[in-house]
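Note sheet for the following structure.
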Amino acid sequence: MASELEKVYDPKAVEAEVSQQWLQAGAFNAEPSDGREKYCIVIPPPNVTAALHLGHALNNTLQDVLVRFKRMCQFNTLWMPGTDHAGIATQTVVEKRILAEEGKRRTDFERDEFVARIQAWKDDYEQRIITQLKWMGCSCDWRRTRFTMDATCAAAVRATFFKLFSDGLIYRGKRLVNWDVATQTVLADDEVEHEEVQGNFWYLRYPLEHPADVGGLLVDHVTVATTRPETMLGDTAVAMNPSDPRAQYLVGRNVRLPIVGRLIPIIADEHVVLPKADSDDEKARFSTGFLKVTPAHDPDDYAIGQRHGLEMINVMAPDGSISDKHGWADVGADAQFLLGMDRFEAREAIVEWFRTEGLLEEVRPYVHQVGHSYRSHVPIEPYLSDQWYVAVKKPIANLESRIANLGATADSGATASVGATAASFAAVQSTDNAQLTDTHDGITYIRGTDVPVNSLAGLALMPLLDGRLKFTPDRYANNYRAWIENLRDWPISRQLWWGHQIPVWSQDCELPADVKATPTDRGPDAQVCAALDRAIGGNFGQAMGKFAVRHYLTLQAHPEKQGWIRTYICLDHDEPDAVAMIERAGWKRDCDVLDTWFSSALWPFSTLGWPEKTPDLAKYYPGDALVTAREIITLWVSRMVMMGQYCAGDIPFSDVFIHAMIQDGEGRKMSKSLGNGVDPLDVIDSHGADAMRYTLVAMTTQTQDVRMPVAEMKLPDGRVVNTSPKFDNGRNFCNKLWNAARFLMMNIQGQPAWADIHPNENLADAWILSRLNGAIRDVTLALEGYRFNEAAERLYHFTWNDFCDWYLEIAKARINAGQAAPKAILSHCLDVILRLLHPIAPFITEAIWQRLNDVASVRGPADEQAERMLVTAAWPYANGGAISEPTEKRFALLQDLVSQVRNARTQHNVPPSQKVAVIIEAPDNLAAVIAENTDLLKSLANLSEAKVQRGAVEPPANSAAIAVGGVRLYILDIIDRDAELARLTKQADLLRRGIGGIEGKLGNAGFVAKAPPAVVQKERERMAQLRADLAAVEKSLEALK
RNA sequence: GGGCGCGUAGCUCAGUUGGCUAGAGCGCUUCCCUUACAAGGAAGAUGUCACAGGUUCGAGUCCUGUCGUGCCCACCA
């Protein structure tokens, strides 16, 4: 391999090669048998809906930085990769594509056929995603790549569902759900996006059945205000606040619902807002005091309906059209014209009907928040529907003991970590948590909440409160906590084809009359079971006993048929013969699939083989850190925490790092539709993977959003791609590093052994080693504290400023002068820089490392052969003894002198090539150090001569005078009087400003008395220094006049 | 309606428990293609730290309020 590098760093030339080497060496592979302490991160599995964007690049770069850092710290490191099937999202994308390309709808296919189409899409995008991650340099153990619907994950889903089902935590409920009429599926509360909508309040008159005397006034109607007139078809009451003065006359009377003709009661309910025209409350300003109640189409109304036992009439079909087929029976002749209309058409038609009939009292414009589907973006319809739910606040019997027992029942030894953490959970439960909980009615709640400690929600919340779970930045803990405290049961069924099909079979049975027990949603009692056996003609339990599959049976009263029950069987896996048997006996499998987040919640342990007690699970669970964006703290993070404990006995990670969301230059989200999306592969093409990674890491502060101006760029191959000039920074840095390495490799041949050099005898050597070790210390601390930008910037400035701008320039001159010592220092510095920078910029550092090995395989105090590959080389540890503040201070004085001389040269228009001579006047304590480093000054400031004198020097004629840090320096034969005057005047101003500031402080009695003595002392020293320098500058100015 | 951010140089952003003459990168000005690097080097200019109060010896940093801006949550009368 040639020791001379290309002049310009070409990422293309090294990235593929380096990547190949890592994979061939198995550098990312994690082996549970490796006894070293483990470090484990699971990837937030990207959705297979689309290729990755810059947000993913950020997310995965940060994970890779942590993983590579820990790997170099010699942990047994696992980064688990994989992708998410993303139920609704993926199905929607594929449906749209097929409709656009083939004009076919989902219903034109058989289920299996359609799922196969989605599967093909998934295969394609999974491949693209993995390729993108590899190009980014992600050091995942690719052999383990999982998918949320693969066999391993599916087994975990089944096991979890069965466990929840048999613990009575999954139930079938009729609830008002967030219905997406476009995709015809239910959405969880957090999948609903609220958007501001310009709407109207329509004031509709409902005639009273009989005119009423209201405090002496004869009224024949009441007026309700609504934003959704179409729901009036399902009204089953009109409510008013009991404290409304009109209530005494009207409650109990009936109104005749227009169009429909239904007679509905006026009821009293505290929920109704009293009208008040000048109220701060917008609702009060718009209220008439009468609220139409539509239990089947509004969550508030649903609650009122529950309180008053109102009928629930659903007037819509699942597609959002008005329908009499889904619960609406009393459709009169007047309402027929509405059937089949879309809900928004119907809204207009109904308003028009009221207008024509003279029953539309008023229309007032109103801006309000309306829930929209996060997938289809159509307004959500609150819809009465049968769905599966997970009870999140229901106490789970014997939960603590089960979690504590998990360690004991698992294989000993290998599961030490699981057992230990489970034990600590139990300990926390019994001691510390006493302050965090309240017990009443036999249930222990988390204090100040309705969350039982031993519920799923409790499992998610308690680790945050007792300190086992930490967020960085910590403010995100608030989101997490508030969300869980207000958590409602989790609807987990989705009316989709793409996903884990719900493993429940159901059948309706008529119960013989002799069964007296009222079946509940818990498991059946013996009497009911016997009856059930008779109903199906056989012994169900015995029949199932023949199979290896576990089953769990529940039943509930039939929702419609008196004397009937509905039975549900859940199987823990699909054993074909057992399935065939129960299906022959009349049970049908539920068509729905599980919410995507159900399988995501299991990701930290499903990927390791749970529920099997695998070596992987024993070694790598629980993991250490999770890196994600704030938008899924609730949807995903909290559910992993709850299911991690419920299933695998411990929280899945202790640290959650939340990074920023990347926006474009105008602060907008990046998206395909806006055309401002950026593909990481395009950035890799335009700037290189390391440049992209460096810039992303340097941007990662504690802020919640970062802006990334997007610009088009033409690549050498002619393609025009979206990228960002922000990545120039990273590219320039890589190029700088490359060239520093290039210079080194051309110059370090014949480097002496470390034992033969004496860094302490040379200020520059001691200085760069002090700076180097300071950088090691700071970068290590920054990475451990998730302060990514600090690590990046510290390395940038150490490498560029300290190492390249100063040390390397000094070394050049010394090497030219025949000194060998700098060669050893240079190779050691580069060695450490490469190690420190590797997690952030893995490709270029690995490439340089291997080339450096060819030139100088031993470098640094350890006097050992450097590791063959950087990816698994050891992380450097700071040598505190090398860090010296006095050394850095002395060197800083030389830097100041050089800068000031350069400045004076520029001001006086001295050509760069022209050497000048100087005389330096230094106090005793500085004279020696300056005298020892005159060569340094001469080379850096381009001096022909530098004489150092102790004590006062008479300022030479025609000289420029410099005063810095108590040292006086005169540049001889500089004759531009105006330039010198201007320079010194400015210098004096600057010094006076500094002195003025300090005088203000020291002149303040309070400061001297109350500030810490060290601070006062420091100010006094600075004051003396500045005053001395100012005196010198003033004297020089005087001499000019 | 509730919660959480942000507002510092023309732009994008740092400023760790209050202790600077307020920083970085890009951009800008002048000079330099000096045998590592022009994706570079040297020197330089640029700020009422949104606004108003308060706490303090001392505020970009802490507190209160105002304005602007963004995100999240919330049952759409």
Side-chain angles (χ1 to χ4, degrees), chain A residues 5 7-9 176 189-190 194 197 199 201 224-228 239 271-273 281-283 286-288 290-294 298-303 366 368-371 379-380 382 475-476 478-479 482-483 486 630-631 633-634 661 663 665 667 698-699 701-709 725-726 728-729 731-747 785 787 789-790 793 796-797 804-805 808-809 812 899 902-903 905-907 909 911-913 942 990-991 993-998 1000-1001 1004-1012 1014-1015 1018-1019 1022 1026:
Chain A
L5 307 181
K7 204 168 175 180
V8 173
Y9 174 58
L176 213 50
D189 291 340
D190 26 54
H194 292 268
V197 164
F201 253 115
V224 297
T226 181
T227 55
R228 292 191 304 151
H271 176 78
V272 180
V273 176
D281 178 5
E282 203 169 29
K283 274 185 187 168
F286 283 93
S287 173
T288 62
F290 299 95
L291 175 68
K292 63 188 274 305
V293 183
T294 323
D298 183 278
D300 278 340
D301 295 6
Y302 182 83
Y366 182 57
H368 59 155
Q369 297 285 315
V370 176
I380 289 300
R475 64 183 129 89
Y476 290 111
N478 294 335
N479 290 14
W483 187 77
N486 299 311
R630 66 179 183 284
E631 60 183 350
I633 289 172
T634 52
M661 311 265 285
Q663 305 170 332
M699 286 172 107
T701 62
Q702 305 244 315
T703 190
Q704 68 175 5
D705 298 307
V706 291
R707 290 186 183 199
M708 179 75 75
K726 285 214 99 172
D728 290 356
N729 216 8
R731 182 197 55 190
N732 294 353
F733 183 43
C734 288
N735 193 50
K736 187 74 180 177
L737 177 69
W738 184 258
N739 276 288
R742 182 166 172 259
F743 169 80
L744 250 85
M745 286 187 233
M746 291 188 292
N747 285 280
R787 296 189 303 276
N789 68 312
E790 278 186 33
E793 280 160 15
Y796 182 97
H797 287 113
C804 291
D805 290 347
L808 220 139
E809 292 303 322
K812 242 184 227 176
S899 295
R902 286 168 172 172
N903 174 290
R905 292 176 58 114
T906 304
Q907 299 292 316
N909 291 315
S913 54
N942 198 20
L990 204 64
L991 288 166
R993 240 172 83 201
I995 290 165
I998 301 175
K1001 284 187 189 176
N1004 182 334
F1007 175 74
V1008 179
K1010 296 188 182 175
V1015 172
K1018 202 174 122 198
E1019 294 294 343
R1022 274 192 54 226
L1026 292 179

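Lettering follows sequence order; numbering is per chain, from 1.
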- Query: Looking only at side-chain N and O atoms, does A/Ser899 come under 4.0 Å of OP1 or OP2 in B/A42?
  - Reply: no

- Query: Who passes salt bridge (charged side-chain N to carboxylate O under 4.0 Å, His left out) against A/Arg630, sequence neighbours left out?
  - Reply: A/Asp705

- Message: I want to check one thing: is the phosphate of B/A14, taken as OP1 and OP2, less than 4.0 Å away from some side-chain N or O of A/Thr701?
- Response: yes

Name the pairs: protein N/O against N/O of nucleotides 53-56 of chain B, kept only if under 3.5 Å.
none

- Task: State which residues pass salt bridge (charged side-chain N to carboxylate O under 4.0 Å, His left out) with A/Arg902; sequence neighbours excluded, sorted by chain then number.
- Result: none

- C1'-based separation of B/A59 from B/G19 [nearest Å]: 10 Å

- Message: For A/Arg993, give me all partners under side-chain contact (heavy atoms from CB on, under 4.5 Å), at least two apart in sequence or on another chain.
- Response: A/Leu990

- Query: Partners of A/Lys1018 by salt bridge (charged side-chain N to carboxylate O under 4.0 Å, His left out), sequence neighbours excluded?
  - Reply: none

- Using the C1' atoms only, state how far B/G18 lies from B/C63, rounded to an integer number of Å. 13 Å

- Query: With the sugar-phosphate defined as primed atoms, P, OP1 and OP2, and the base as all remaining atoms, what B/S/- string results for nucleotides 30-36 of chain B, 5' to 3', for protein heavy atoms under 4.0 Å?
  - Reply: ------B

- Between B/G27 and B/C20, how far is it from one P atom to the other, in whole Å? 30 Å

- Comparing A/Asp705 and A/Gln702 on RNA chain B - which has the more 5′ nearest nucleotide: A/Gln702

- Task: Check side-chain contact (heavy atoms from CB on, under 4.5 Å) between A/Val8 and all other residues, then give those that pass, not counting sequence neighbours.
- Result: A/Asn735

- Message: My understanding is that only residues two or more places apart in sequence, or in another chain, count here; which of them pass side-chain contact (heavy atoms from CB on, under 4.5 Å) with A/Pro911?
- Response: A/Ser913, A/Gln914

- Query: Does A/Arg902 have a side-chain nitrogen or oxygen under 4.0 Å from the phosphate oxygens OP1 or OP2 of B/A43?
  - Reply: yes

Filtered N/O pairs between nucleotides 60-64 of chain B and protein, under 3.5 Å:
none

- Please answer whether the main-chain N or O of A/Ala482 pairs with a side-chain N or O of A/Asn486 as donor and acceptor at a distance below 3.5 Å. yes

- Sequence neighbours excluded, which residues qualify as ring pair (Phe, Tyr, Trp, His ring centres under 6.0 Å) partners of A/Tyr302? none

- Mapping A/Val370 and A/Glu793 onto RNA chain B by nearest heavy atom, which one lands closer to the 5' end? A/Glu793

- Give A/Val8 one of three labels, base, sugar-phosphate or nothing, depending on what nucleic acid heavy atoms sit under 4.0 Å from its own. base

- What would the secondary structure line of RNA chain B be in dot-bracket form, counting Watson-Crick and G-U wobble pairs under 3.5 Å, with [ ] for pairs that cross earlier ones and | for pairs with another strand? (((((((..((((.....[...)))).(((((.......))))).....(((((..]....))))))))))))....

- Task: Sequence neighbours left out, what passes salt bridge (charged side-chain N to carboxylate O under 4.0 Å, His left out) with A/Asp805? Give chain and number order.
- Result: none

- Query: Can you check whether A/Asn732 has a side-chain N or O nearer than 4.0 Å to OP1 or OP2 of B/G40?
  - Reply: yes

- Item | Rounded distance in Å between the P positions of B/C49 and B/U29 | 27 Å

